[in-house]
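Pasting a structure below so you can have a look.
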Amino acid sequence: MTTVQLDAPTRVVSPPPLEQRSYGDRVFKFILTLGAVTIPVLLAFLVYELWTGSRLAMAKFGFGFITSSTWDPVAEQFGAFPLIFGTLVSSLIALAIAVPLSLGVAIYLTEFAPKAIRQPVAFLISLLAAIPSVVYGLWGIFVLIPLLRKSVFPILRDGLGFLPFFQGPIYGPSMLAAGIILAIMVMPYIMSVSREVLLAVPNTQREASLALGATRWEAVITTVLPYARSGILGAVILGLGRALGETMAVTMLIGNRHEVAASLFAPGYTMAAAIANEFSEAVGDMHLSALAYVAFLLFIVTILVNAGARLLIWRVARGSGVGSKAL
Amino acid sequence: MTISPRRAVAVLAMLLVGCSPADRGRPGGGTITGAGATFPNPIYATWFDSYARQTGIRINYQPIGSGGGIRQFTEGTVDFGATDGPMTDRQIAAVKGNVMHLPTVLGAVVVTYNLPGLGSAPLRFDGDIVAGIFLGQISRWDDRRIAALNPGVRLPRQDILVVHRSDGSGTTFIFTDYLSKVSPAWKGTVGSATSVEWPVGLGGKGNEGVTQQVKQSEGAIGYVELIYALSNHLPAALLRNASGNFVEASIKRVTAAAASADLDSATDFRVSITNAPGADSYPISSFSWLLVHREGGDSVKEAGIHGFLRWMLEPEAQRMAADLQYAPLPVPLIERLQHLLPGP
């Protein structure tokens with residue numbers, strides 16, 4: 001029986017470097033590298049195509065494109081401000097509705113729900129993410145909009161009509177309707193990532209605050225949520241990224257009007273909806289180029305938002321199994 | 001580290017095999033491809049299917065929109081195009097004049113509305129009123145200008161909700177072309193194109209979107225192709241034509257508009273027949289065209305296209321169009337087109 005002396009230097013034998021291994025290994029490595037490189041190359045190609053497509057519009061409008069509100073294909077004057085405004089406002093409305101709901105559901109499922117229903121309910125909510133956007137749009141047209149038009153909007157107008165957001169005629173398709181459908185679409189993402197993040201919070205946190213005399217609700221608010229703060233923020237931003245790019249459901253519910261209005265009952269437009277509506281029939285190079293410019297702006301915005309979200313989630317859930325799943 | 005020459009040749013050969021196109025070299029083989037307008041898609045689909053069954057020549061058509069049809073035709077990715085709005089001079093210059101506009105069917109755009117309490121008789125409008133409504137100048141249903149044309153009708157005290165197209169469309173082109181002719185104010189501020197800057201109103205996607213929006217909103221008004229109003233049981237307003245008569249949109253009246261249009265001087269059929277003269281003409285009528293090369297191109301495919309066009313001009317095919325609520329071409333025009341095509 002040999003004894004190993006732990007403080008004696010040992011010679012570590014590592015496998016030979018790849019170059020000295022068999023030919024088959026080298027070929028395999030090459031093919032895998034090729035496959036891995038394809039994705040960034042395709043992304044770069046996409047950016048390049050958007051860039052060249054929008055050069056005509058960039059040369060003519062420059063940064064004024066972002067602040068101008070005209071959208072006149074006949075006179076070839078284009079400005080994307082209503083689109084940018086509509087994209088941001090509809091997404092913010094969606095977050096304002098979805099975040100409290102999703103967070104509430106996530107906290108409930110992690111902390112308070114009976115063990116038996118946790119998995120099934122989480123699964124059901126995640127299923128919302130599987131419904132195609134067009135189906136949401138159809139449901140919105142046939143169910144949501146008549147309901148809003150008959151019941152919800154008049155109540156809002158009567159009750160909150162002193163605010164400029166709830167004034168004006170009620171058509172049905174509106175910024176608020178689009179915001180509501182986006183909230184429903186975005187909820188499963190925020191909820192499932194928040195739930196994963198909350199599960200990653202170590203139990204010692206909860207136990208420590210309970211030991212100090214906190215109620216269960218106080219334990220959640222004072223110890224669990226602050227610990228998971230950046231992860232939840234990441235989940236919210238992930239939902240925002242999803243809402244920014246959503247196209248079909250929005251274009252069916254938002255009224256498709258190139259206009260900035262204070263009222264939430266007024267129709268609006270988003271970048272993705274404008275591109276989807278106008279691209280196939282756009283006659284004229286300037287119109288096409290303007291749409292490519294809008295696509296470029298949308299691409300930049302969603303990339304930045306999604307990258308930010310990923311970083312935040314990774315920071316809190318790093319190391320645990322959750323981190324890689326949320327990523 | 002060296003790769004043995006045998007292995008290098010083997011890998012290179014595999015890559016080259018993957019690169020060779022499958023059907024290059026087959027003379028004129030494969031289907032004839034076309035793309036363009038969505039409005040005539042139902043009848044085109046019926047025609048191409050019927051033609052394939054009779055002659056075995058397959059024609060593949062993609063309804064991507066008039067703008068897309070013109071673009072693909074210009075770039076040469078399809079053998080023929082289809083459009084509701086004729087090519088502009090600049091677009092024709094881009095193909096160096098090598099294009100013929102061949103009218104295939106006629107369509108009508110109707111002004112439809114949703115006023116449930118009105119009864120079955122349709123409202124009467126004239127060009128000024130329609131332009132005024134879509135410009136936002138006439139904003140209530142009980143406006144006296146509308147009441148003047150509709151005596152005895154109880155118009156509701158309600159705001160007019162204007163619905164237009166959010167996507168570019170030949171329907172929009174036809175409608176705005178008509179408005180530009182009957183209203184100098186419209187022509188000056190908005191103009192006519194497949195996509196315009198609408199002064200007021202909501203945008204619906206496609207004829208279906210506009211139809212849906214009008215159906216769902218009381219007090220809404222919109223413009224759709226005739227077939228959509230018919231199938232959805234929406235009323236279509238009577239419009240005053242250039243001769244002063246209030247006419248409804250019907251196949252007969254659309255064909256009348258085409259018949260009375262001034263076609264003799266037109267050499268390439270890029271004729272707008274909106275607001276056509278003639279007692280019976282429906283004012284918002286239009287041709288839908290196929291874009292075909294004048295010369296050049298794959299001779300087998302061109303022969304196939306010409307064969308289809310001759311087939312399309314026969315009474316059997318024109319009757320298929322009428323069954324689908326498209327107005328067939330007037331007989332003198334058919335004869336002119338038959339003379340135009342290279343003989344069999």
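In what follows, every chain begins at residue 1, and chains take the letters A, B, ... in the order their sequences are listed.
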Practice problem: Could you tell me how the ring of B:Phe175 sits relative to the ring of B:Tyr223: parallel (under 30°), tilted (30 to 60°) or perpendicular (over 60°)? | Solution: parallel
Quiz item: Side chain, backbone, both or neither: which part of B:Ser217 has a heavy atom under 4.5 Å from chain A?
Solution: both
Quiz item: Checking heavy atoms, do the side chain of B:Arg165, its backbone, both or neither come under 4.5 Å from chain A?
Solution: neither
Quiz item: Where on A:Ile254 is there a heavy atom nearer than 4.5 Å to chain B: the side chain, the backbone, both, or neither?
Solution: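 Neither part, no heavy atoms under 4.5 Å.
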Self-check item: A:Trp71 versus A:Glu259, side-chain donor and acceptor atoms under 3.5 Å
Solution: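 Distance-only check fails for A:Glu259 and A:Trp71.
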Quiz item: Heavy-atom distance under 4.5 Å to chain A: side chain of B:Val163, backbone, both or neither?
Solution: neither
Self-check item: Exercise: identify the closest heavy-atom pair between A:Val74 and B:Ser195
Solution: CG2-O, 4.0 Å
Quiz prompt | Contact winner vs chain A - B:Val200, B:Asp159, B:Thr176, B:Ile70, heavy-atom pairs under 4.5 Å | solution =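 Ranked by heavy-atom pairs under 4.5 Å with chain A, first place is B:Val200.
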Quiz prompt | Derivation of the side-chain hydrogen bond (donor to acceptor under 3.5 Å, both in side chains) call for B:Asp84 and B:Ser286 | solution = CA-CA 8 Å; B:Asp84 297 328; B:Ser286 165; over 6 Å; no
Exercise. Against chain B, work out which of A:Tyr269, A:Phe142, A:Phe279 has the most heavy-atom pairs shorter than 4.5 Å and name it.
Key: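 Most pairs with chain B among the choices: A:Phe142.
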Practice problem: Return the option, out of B:Leu161, B:Thr88, B:Thr194, with the maximum number of heavy-atom pairs under 4.5 Å with chain A. | Solution: B:Leu161
Practice problem: Establish, from distance only, whether the side-chain atoms of B:Lys181 and B:Thr274 form a donor-acceptor pair under 3.5 Å. | Solution: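 There is such a pair between these side chains.
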Quiz item: Checking heavy atoms, do the side chain of A:Ala75, its backbone, both or neither come under 4.5 Å from chain B?
Solution: neither
Practice problem: Indicate, with yes or no, if the rings of B:His293 and B:Phe73 have centres closer together than 6.0 Å. | Solution: yes
Quiz item: Does the pair A:Phe296 and A:Trp51 meet the rule for a ring pair (Phe, Tyr, Trp, His ring centres under 6.0 Å), with working shown?
Solution: CA-CA 7 Å; A:Phe296 187 70; A:Trp51 175 260; 5.6 Å; yes
Quiz item: Counting a contact as any heavy-atom pair under 4.5 Å apart, which residues of residues 169-179 of chain A contact chain B?
Solution: A:Tyr171, A:Pro173
Quiz item: Quick one: do the B:Asn60 and B:Gln62 side chains pair a donor with an acceptor below 3.5 Å?
Solution: yes
Quiz item: Would you say the ring centroid of A:Phe65 lies under 6.0 angstrom from that of A:Tyr293?
Solution: yes
Quiz item: Taking every heavy-atom pair that is under 4.5 Å apart, which of B:Ser66, B:Ala37, B:Ala193, B:Gly191 has the most such pairs with chain A?
Solution: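 Top count of heavy-atom pairs under 4.5 Å with chain A: B:Ser66.
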Self-check item: More than 12 heavy atoms from other groups under 6.0 Å of CZ on A:Phe85
Solution: yes
Quiz item: Where does B:Gln91 contact chain A at under 4.5 Å (heavy atoms): side chain, backbone, both or neither?
Solution: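 The answer is the side chain of B:Gln91.
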Quiz item: In terms of the angle between their ring planes, are A:Phe78 and A:His287 parallel, tilted or perpendicular, with boundaries placed at 30° and 60°?
Solution: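 A:Phe78 vs A:His287 ring planes: parallel.
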